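One structure below.
Quick note on labels: first sequence line is chain A, next is B, and so on, each numbered from 1. Below, all heavy atoms of this structure are taken into account, side chains as well, without hydrogens, waters or symmetry copies. Note that the structure is a prediction, hence the values are computed from the model and not measured.
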Amino acid sequence: MKLFSDEYCLICHGIRTPVISWTSLLLGTEEQLVCEECQNKFKSLSGERCGICSRVLEVDYRKEELCYDCIRWGQDSTWSGTLTQNKSLYEYNDFLKEVIAKYKYRGDYTLVRAFTSRIKEELTSLSFDALTPIPLSQERLYERGFNQAEALITEAGFRPTHLLTRIHTEKQSKKSRSDRIHLPQVFQVDGESAFSLEEKTILLVDDIYTTGSTLRHAAKVLLEHGAKSVSSFTLAR
Amino acid sequence: MRFAIDTYQLIPSPLLKTRPETKTISQIDSLPHIPLQPSFSFNHELQRYLSGKQLLLEELPFPLKEIQEHYQNGYLIYRKALIQNGRQKECLRCGTKDHRWFSTFPCARCGENCVYCRQCLMMGRVSSCTPLISWVGPLPEIEGSVKDQELLQWTGTLSAGQQHASNAVVHATRQQTELLVWAVCGAGKTEVLFKGIEQALHQGGRVCIATPRTDVVLELTPRIKAVFPDIEVASLYGGSEDRHKYSRLTIATTHQLLRFYQAFDTVIVDEVDAFPYSVDSTLQFAVQQARKTGSTMIYLTATPSSTWQRECRQGKREFVTIPARYHRKPLPVPKFVWCGNWGKKLANKALPDNFVHWVKKRIEKNKQALIFAPKIASMELILPLLRNYHPNIEAVHAEDPHRKEKVNSMRNKEILILLTTTILERGVTFPNIDVAVLGAEDSIFTESALVQIAGRAGRSAQFPNGEVTFFHYGKTEAMVLAQKQIVSMNKEGYKKGLLDE
């Protein structure tokens with residue numbers, strides 16, 4: 001007789017043998033969704049990291065506790081201080097790249113569940129007045145069927161506050177760093193939102209921090225409309 | 001997407017000017033049928049694009065308004081892509097019913113919790129609110145006449161066994177029935193198809209050769225194009241450029257058939273037993289969806305499943321065999337050699353003595369060999385031990401980034417012994433090799449895998465003999481059945497005079 005039915009890994013669909021122990025039998029453990037092999041391919045960010053963006057610091061790409069990118073952002077008077085801090089969970093390695101691409105471009109929504117328990121942990125430890133997902137334009141939202149940043153919030157059991165809208169432009173991922181920094185502002189404060197930004201601490205949420213341009217553009221609009229400070233949280237860095 | 005339901009038709013919500021009640025397509029009990037309006041002047045490009053297909057809106061580079069006009073005039077239909085009866089869900093594109101392949105998401109297109117299919121996700125997401133779009137208007141004309149014309153430009157000759165099978169394929173095509181061609185490894189089964197394909201083309205139908213593996217599509221395409229020089233061939237696999245060609249002859253991976261709907265008059269499925277066709281009911285569903293009702297079905301394999309073999313014996317399945325290779329020499333029969341608990345030995349960094357003896361003999365004679373191991377992990381332990389005897393030994397497995405290079409080096413005789421998992425069980429030909437399996441009792445070595453593995457030896461006319469040895473720790477039924485199958489094919493070959501004494 002088979003006591004436990006086969007379980008399949010959320011990511012690779014391979015059969016996982018559930019680990020049975022007295023504790024799991026008696027107390028029940030948190031549901032494991034991803035097989036060990038896949039889980040081990042996610043690399044948590046660790047070691048010395050940039051004080052602003054969480055990047056793992058490399059010897060010749062840092063000045064004290066900041067990375068060169070953040071120093072460059074800081075030197076530009078338009079952008080200095082827009083983003084207080086960014087926290088990220090994992091290194092954006094090839095494996096995570098593949099998983100995120102399947103999640104947001106192929107639209108495999110349920111993959112978000114591979115991350116929810118870690119996200120929950122992280123969000124609980126941060127303080128903020130509102131959790132705001134980076135919005136998609138109406139067109140892009142219809143095309144994808146869901147907002148991948150919003151799902152990171154809702155599936156972790158938190159409530160998103162929609163403060164921004166986005167003007168439809170070509171895909172970010174097709175642009176270079178300099179293109180992205182010198183982008184015209186694509187975000188606006190949502191006129192229909194009843195939330196008052198005055199003196200509020202906002203935590204922006206997105207799937208990936210690449211150059212930090214998207215998050216800084218969004219933060220800038222929020223600061224211009226009275227927010228006290230804006231930080232961010234992303235899945236990948 | 002949502003639809004408003006008029007008494008006569010569906011209207012996609014993006015085209016609505018007022019705000020009537022709307023539903024998702026899966027919530028609409030019976031979809032209205034619209035008769036064809038012959039006076040409507042339809043878009044010929046859309047016709048070519050969509051005929052014989054089932055596509056998603058996002059796969060159609062035409063404005064929604066134009067698509068809707070064709071729908072309103074009865075030239076195309078919207079079908080449900082995913083349905084739910086109580087707790088039972090079913091994807092109508094790929095046929096999946098197993099609940100573990102379904103998930104839900106809050107859908108921005110319909111504003112509801114939409115169920116979607118993860119099984120065929122890579123072909124574009126199908127969900128409860130997705131319409132599948134198919135053409136139901138007149139079919140496009142294909143340029144160039146095919147009637148009363150010699151289409152086949154092939155000067156080779158068929159062996160007696162091939163000729164017999166070729167006649168059966170032509171007959172099945174004429175009668176539009178089903179036929180299994182059971183041809184031993186190295187029988188030359190592609191040539192057997194030529195006459196049948198020509199016959200099907202003469203009948204004016206569309207022909208599809210489907211195979212589970214992309215490598216086979218790539219290898220088959222130039223061969224088929226060469227013998228049918230006047231016929232346009234669409235070659236379909238993930239990322240191929242022929243995706244929108246409407247041609248008489250299509251060579252496709254079974255996976256690509258998921259985009260087809262009642263398209264083909266003749267479907268030939270190559271390597272029916274090969275992974276993933278045999279295990280993946282999705283792809284079998286795809287083949288059924290892609291063929292027209294009453295179409296010809298030809299299955300090709302060297303190793304039919306035990307169910308199919310039984311059906312053949314009981315006369316429930318039409319079949320023809322090619323029991324002998326084209327070079328008229330019998331198939332090498334595998335020898336069984338008990339080698340004790342090789343796994344335990346391996347853990348102690350040792351190999352069974354009789355296996356080592358076998359390897360040393362090949363090294364002495366400088367004869368190339370393929371050695372199959374059940375798992376990558378055991379292969380990695382075997383490799384360094386074998387290299388103690390000869391440096392020129394390599395190992396290859398499915399995820400090996402140098403897989404192609406290693407297979408090529410083996411072909412060029414730069415590698416003496418190649419250690420492999422079952423990935424090299426079929427499709428590859430090295431002219432003069434011996435074959436061994438270490439751990440033949442492992443469940444990964446099914447009857448068909450073992451027949452295929454044995455079929456690697458003695459392929460070329462110059463070197464028709466090769467030794468095949470199964471080193472095992474306890475004989476399995478699969479081993480016995482594989483040996484039996486090979487012996488009985490040889491017997492049949494002699495009886496029919498297809499083998500030289």
Side-chain angles (χ1 to χ4, degrees), chain A residues 4-16 18 31 33-35 37-38 41 94-95 98-99 101-114 116 133 135-157 159-160 162 165-166 168, chain B residues 1-2 12-15 24 56-61 63-64 81-82 89 91 93-94 96 98-131 238-239 276 279-280 282 375-377 398-399 401 443-444:
Chain A
F4 297 90
S5 63
D6 285 335
E7 305 260 349
Y8 297 89
C9 171
L10 186 67
I11 296 172
C12 70
H13 303 294
I15 294 176
R16 314 181 284 112
E31 202 187 356
L33 298 167
V34 176
C35 73
E37 214 172 302
C38 286
K41 291 184 190 163
D94 287 345
F95 183 67
E98 218 178 282
V99 174
K102 200 163 179 204
Y103 166 56
K104 75 172 182 186
Y105 299 124
R106 299 288 179 175
D108 200 358
Y109 183 89
T110 198
L111 285 176
V112 71
R113 294 192 296 147
T116 44
L136 299 178
S137 65
Q138 283 305 313
E139 291 88 337
R140 188 80 67 229
L141 179 62
Y142 188 86
E143 184 188 303
R144 290 207 186 136
F146 61 88
N147 176 339
Q148 79 278 0
E150 184 181 346
L152 295 177
I153 301 173
T154 52
E155 293 297 315
R159 186 192 284 270
H162 296 281
T165 59
R166 184 185 199 139
H168 192 62
Chain B
M1 139 180 301
R2 302 184 71 86
S13 58
L15 299 178
T24 66
L56 310 178
L57 260 179
E58 48 273 39
E59 289 177 297
L60 287 168
L64 180 60
L82 199 146
K89 301 173 180 95
C91 175
R93 178 171 64 180
C94 74
T96 297
D98 189 343
H99 68 96
R100 74 184 177 99
W101 289 107
F102 296 101
S103 207
T104 59
F105 72 107
C107 177
R109 294 189 190 176
C110 67
E112 296 188 30
N113 257 333
C114 232
V115 180
Y116 72 100
C117 176
R118 302 186 71 205
Q119 171 77 260
C120 59
L121 184 85
M122 295 309 273
M123 312 286 284
R125 184 182 55 211
V126 147
S127 76
S128 320
C129 78
T130 309
V279 288
D280 202 333
T282 296
K375 291 189 179 72
I376 298 175
E399 278 151 54
S443 61
I444 197 163

Discussion item. Looking at every non-hydrogen atom in both residues, tell me the closest pair between B:M1 and A:Y142 and how far apart they are.
Written reply: CB-OH, 3.5 Å

Discussion item. Please classify the contact between A:L10 and chain B as side chain, backbone, both or neither, with a heavy-atom cut-off of under 4.5 Å.
Written reply: both

Fill in: Straight-line distance of A:E7 CD to B:R100 CZ, nearest 0.5 Å
11.0 Å

Worksheet, complete the sentence: Rounded to the nearest 0.5 Å, the OG atom of B:S103 sits from the CG atom of A:L111 at a distance of 8.5 Å

Practice prompt. Please check if atom CD in A:E139 has more than 12 non-hydrogen atoms from other residues, nucleotides or ligands closer than 6.0 Å.
Written response: yes

Discussion item. Out of B:R109, B:E58, B:R125, return the one with the most heavy atom pairs under 4.5 angstrom to chain A.
Written reply: B:R109

Worksheet item: Just by distance, do the side chain of A:Y109 and the backbone of B:Y116 share a donor-acceptor pair under 3.5 Å?
Response: no

Worksheet item: Where the side chain of A:R106 meets the backbone of B:M122, is there a donor-acceptor pair that is under 3.5 Å apart?
Response: yes

Discussion item. For A:F146 and B:F105, take the angle between the two ring planes, folded into 0 to 90°, and tell me which bin it lands in: parallel under 30, tilted 30 to 60, perpendicular over 60.
Written reply: perpendicular

Fill in: For chain B, the option from A:K102, A:H13, A:E150 that forms the most heavy-atom pairs under 4.5 Å
A:H13

Worksheet, complete the sentence: Highest number of heavy-atom pairs under 4.5 Å with chain B among A:T154, A:D108, A:T110 belongs to A:D108

Item to complete: Can you tell which part of B:T104 gets under 4.5 Å to a heavy atom of chain A, answering side chain, backbone, both or neither?
Response: backbone

